[in-house]
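This report concerns only the one structure given below.
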Amino acid sequence: MAAAAAVLAVLLLLTATRRRCRQRSTAGFLRGAAVPLAAAALVCAGATASLAARTAGPISGLIAEEAAVTVELRAASDARPGAPDRFTGRPRYLIDAVAESGTAEGQRFGTSATLLVIGGEDYAPVRLGDRFTSAGSLQPLPAGDRNLALLRAAAPPEVTPAGGWYAATAELRGTFVQAAEDRGADVEGLLPGMVLGDRGGLDPGLEQAMKNTGLTHLTAVSGANCSYLLAFIFLTARALRLPRAPAVLLALAGLVAFVLLVRPDPSVLRAAVMGGLGTLAVLSGRGRLSAALLFLSISVLLCVDPWLSGSYAFTLSVCATLGLIVLGPHLVRVLSMRLPRWFAAALAIPVAAQLFCAPVLVLLQPQLPVYSVPANLVAAPVVPAVTVAGMLAVALVGVAPVLAAPPLLLAAAGAWWVARTARFFESAPGAVAAWPEGSPGVLLMGVCAGAAVAGILVLSRRDLPPRGSGGGTGRRRIAAGAAALLVLPGGAVLGARALQGGQVQEGEWVVAACDVGQGDGFVLRAGPESAVVIDAGSEPGPMDACLDRLGVRTVELLVFTHAHLDHYGGAAGVLSGRSVRQVGYSTAGRELPEELAGVLAGTPASRTRLAQGMAGTAGRVGWEVLWPPAGTVPAAGDDEENNASSVLLVTVAGPDPGERPLRILFTGDAEEEAAARILATHTDLRSGVDVLKVAHHGARNGGDGWSRTVRPSLALISVGADNGYGHPAPEILAQLKASGTAVARTDQHGTVLVVREGNAVEILSLPP
């Protein structure tokens, strides 16, 4: 790839040289086309060399085998909180690290592979640059991921703290965060994020409010912080009568120190490189070269770190800057016809950035923050003060805590203003509009944003009358442009609703029995776009379609009750286009079937063999594993596999605090023998459940002990129409009818939705 791009670039340059005298326009076009090809060649060459170095030696084979290894690592990031363990609830921490050497099966090897390490609380103190030893099993990550594999740490680390600037910056960061907490100035964990990029203490509620109001970029250090810092240092130096060249060098030195302090986040790297190139342009007398500097900075960064191309943070940073460069001046010109120029410039910044970032944002989170522009307008004025005052506090807090107090409190006041802005706009009516997910949503947003950009550019290029003139035609054009900018978002929301079609809306369902034919596939709503999935049917298509209709993008927990094809065969459909965070399974065998293990290799989700006593939560859903007993692996065999089914008691919290949680019992294919032991052991089941998943698709060998003991209001039977097994058995149906239990069957009703009505449940059939 790199060689092909390089050869093509050279050919274009040679052709342009030969035609220079005869066809100057063609020659210019050819030279222009050669530039991105040359940049692509450099980036591809850098990626190839880096990948070759990372995969050298035996590490690739060890990852493929999911081998157990002991490795010596160098931390490439601070330890950051991850999702708690789904079954124990204990905290977990994530660390990007470079493996420098390791041992597998008694053989020592050298490597430079990049790994994502997941460990317990012992890993929390690890900081950027620290060296540590860890042991655990490797698991492949999807192709294109910055890290080659996941290392699930099975032992505490042996840490050797880093020295030099690593230690100095870590101490400064820790001192600042502690000082902010001691003075009550951390503002729900937002201030350390805005000043240092440390979001470890950010309140989850505030974090969601920032997402819902388009202020997420303020929860961490961004390119704007670099710009504010560069401007402050340069202008201060010039005010002290320092010559231009030393002032620029001082600003660059401050920028380097800032990047080292906050850690090289993709957006910070992009802004730092672009700011550095910009100051060099000023020194050389070339002036501002914004677009050229942006593209040059992108090329430089991708050559150094090709994996930035897969970073959403980097992509959004580039899109926002491109919007300011391409659209910003035109939007200021249009708005300043009827608004004061300072207000037009302030309004143009969030609008231009939002229009260019919107297609990427809906890919990440399919929703439209309706109040994003006003929220950014209200919050933006205090961001420079937070950045500059916060950095002054960081510089002073370690050497003169008394002097650090005023800038610290000033920065905290700015962070408080941002937090209150997010809370206020999130609570406003209609703060978030639903948006179609996937390619349709991206395409719709691209069309709407593109139309808005085109309208602004057309208005900007016309001779509009100045503010205060009596030009009726100009007023009509302005009114038409403003109407277009107002109508487009409204039309976009209507189009989004039309594209969503039959997708089930939030709040309408609690549990769904997906119509997967002869098999099981159940979905429990954990929150907006997230769910717990129990079994996946026998084919990927039906399960994928069901989850699409339910609007599920994140699977908090995927459970395979046992290793029969009609329960795990659709696993690929669950993984298709979704994030799976945890996998739980039960089987009578020692390992999962090879087919299922191969499918799960495509996700970084950890796998846990379920056993009695395990429990966990995901949003509104809580679960407890009632079976099989811990530490037992039955002998292989069909009957044993059914009786190895994990049995889960699930509770789903109501939307109002006064409502009791719904109790749902999932029984897999457990037969009478296992059912008797479970019911005898867990006497609390005699208090009843609201919904029972009838065991083994209603087969006779599931018995009637479940329904007689737990007395469900509703029984769900997942079964294929006209199946050859005779499921469900007439005697099972008769017993349910005799006990007054309502029955919903997927062979008769299709996909069944269970809807909560107060403390009762109702069922709906989801149309195909």
Side-chain angles (χ1 to χ4, degrees), residues 164-166 168-169 172-173 176 194-197 221-301 303-304 317-318 320-322 324-325 328-329 332 341-342 345-346 348-349 380-400 403-404 406-408 410-411 414:
W165 71 267
Y166 289 111
T169 55
L172 274 176
R173 289 167 65 90
F176 175 80
M194 294 185 70
V195 176
L196 296 173
V221 173
S222 67
N225 299 77
C226 295
S227 301
Y228 299 144
L229 191 66
L230 271 173
F232 176 75
I233 297 175
F234 178 78
L235 294 175
T236 301
R238 293 292 288 161
L240 295 174
R241 301 185 181 278
L242 207 63
R244 178 180 294 273
V248 169
L249 292 175
L250 183 62
L252 285 175
L255 180 61
V256 171
F258 177 71
V259 171
L260 294 178
L261 180 64
V262 303
R263 309 299 192 231
D265 182 84
S267 62
V268 177
L269 282 175
R270 189 272 313 159
V273 171
M274 189 172 176
L277 293 173
T279 53
L280 292 177
V282 172
L283 276 175
S284 64
R286 297 288 298 275
R288 293 181 60 192
L289 301 172
S290 298
L293 284 173
L294 175 62
F295 296 130
L296 180 58
S297 67
I298 294 170
S299 300
V300 170
L301 287 168
C303 286
V304 175
S317 179
V318 170
T321 305
L322 189 62
L324 296 179
I325 292 170
V332 170
R341 189 169 181 83
W342 66 268
I349 291 173
V382 304
V383 177
V386 173
T387 300
V388 174
M391 291 310 298
L392 284 175
V394 171
L396 294 171
V397 72
V399 294
L403 296 178
L408 176 62
L410 176 61

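Note: hydrogens, waters and symmetry copies are ignored here, and every other heavy atom, side chains too, is used.
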Here the gap from Arg238 atom CZ to Ile233 atom CD1, rounded to the nearest 0.5 Å, amounts to 15.0 Å
Can you see which heavy atom on [X] is nearest to which on [Y], and at what distance?
| X | Y | result |
| --- | --- | --- |
| Ala411 | Gly390 | CB-N, 3.8 Å |
| Gly328 | Ala348 | O-CB, 4.2 Å |
| Arg173 | Leu196 | NH1-O, 3.0 Å |

Taken in chain and number order and not counting sequence neighbours, the residues that satisfy side-chain hydrogen bond (donor to acceptor under 3.5 Å, both in side chains) with Ser299 are none
Determine all donor-acceptor pairs shorter than 3.5 Å in which one atom belongs to a side chain in residues 247-262; sequence neighbours excluded.
none

Check your understanding: Do Val195 and Val394 have side chains that get closer than 4.5 Å, going by heavy atoms?
Key -> yes
